[in-house]
Amino acid sequence: MSETLLRLVEELNAGRLRVVDLTLPLSHATPLIPLPPQWNNSPPFTLRELSRYDARGPAWYWNAFETGEHTGTHFDAPVHWVSGKDLPDSTVDRIPPRKFIGPACVIDVTKEVAANPDFLLTSAHILQWESAHGKVPPGAWVLLRTGWSKRTDPAQYINLKDDGPHTPGWAKECSQFLAGERDVLGVGVETVGTDAGQAAKFDPPFSNHFVMHGSGKFGLASLCNLDQLPPTGAVVIAAPLKIVGGSGSPLRVIAITP
Ligand code: MN
């Protein structure tokens, strides 16, 4: 057996390494991204009981469920966006599983977002973060810590106004920088989607999706507990369901952290 894997289990057992759950609960109450009515919206997550130790199945409990692929804490595959539709191995069942694991770079902009819910991260912010924590390595998950997951009221979480939702995200040039200059696995956010709330008005619309997925990169939406991770040093595991031809899926995202 590999020394490294043995050590990993030992460190976990001893509590020197901790597993942090970056996943929000998935239920009928899970908030959905509100698209303008001319577009198809996602159904809510719905659980349907098949039996519970009763006449329908005397010794077992199980459910069926319906969900959108992009509901709750979920994974965005490159094929999710038109810019990534012709890339090879861009559906969740085809992505090499090695790409589900990477070091986490956590960028804390909680203060900025408290002052401005439409805050956009720029490449200048990344460079500033790198001057303190080192360069974002290739194959990293870059996670935007905004504190947004503390908004437990769905209305506050979506923050929908007359002119659309107001939630933080990425400037287009920042997505280009992370995909092109840093070769990340993808980006993760605490909000309902990986683009800012107002990104329908960006050029191109939803520019983070357009740039990341067009570059074969992934997205993780509706993460939580990013405040339990150090800026660097944690490893994130985010493996979506193996839905044949799927564009994404709800998933359990975990981090292993010192
Ligand atoms: Mn999505």
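Whatever order the structure lists them in is the order used to number ligands and atoms, beginning at 1. One-based numbering along the sequence shown.
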| said: Looking at Lys85, I'd like to know if its NZ atom is crowded, meaning that more than 12 non-hydrogen atoms belonging to other residues, nucleotides or ligands lie closer than 6.0 Å. | reply: no

| Which word best sums up how the rings of Phe218 and Phe75 line up, parallel for under 30°, tilted for 30 to 60°, or perpendicular for over 60°? | tilted

| So Tyr53 and Tyr61, would you call those rings parallel, tilted or perpendicular, with 30° and 60° as cut-offs? | tilted

| field | Any pair counted as side-chain hydrogen bond (donor to acceptor under 3.5 Å, both in side chains), so long as it reaches residues 170-185, sequence neighbours left out | value | Ser123-Glu173, Glu130-Arg182, Ser175-Asn208, Asp183-Lys217

| note | Note: Pro258 and Pro230 closest approach over all heavy atoms is CD-CG, 4.5 Å

| field | Residue-atom pairs from the protein, N, O or S only, that lie under 2.8 Å from the Mn ion (ligand 1) | value | His70 ND1, His74 NE2, Asp76 OD1

| Do Arg252 and Asp21 meet the salt-bridge criterion of a basic N to acidic O distance under 4.0 Å? | yes

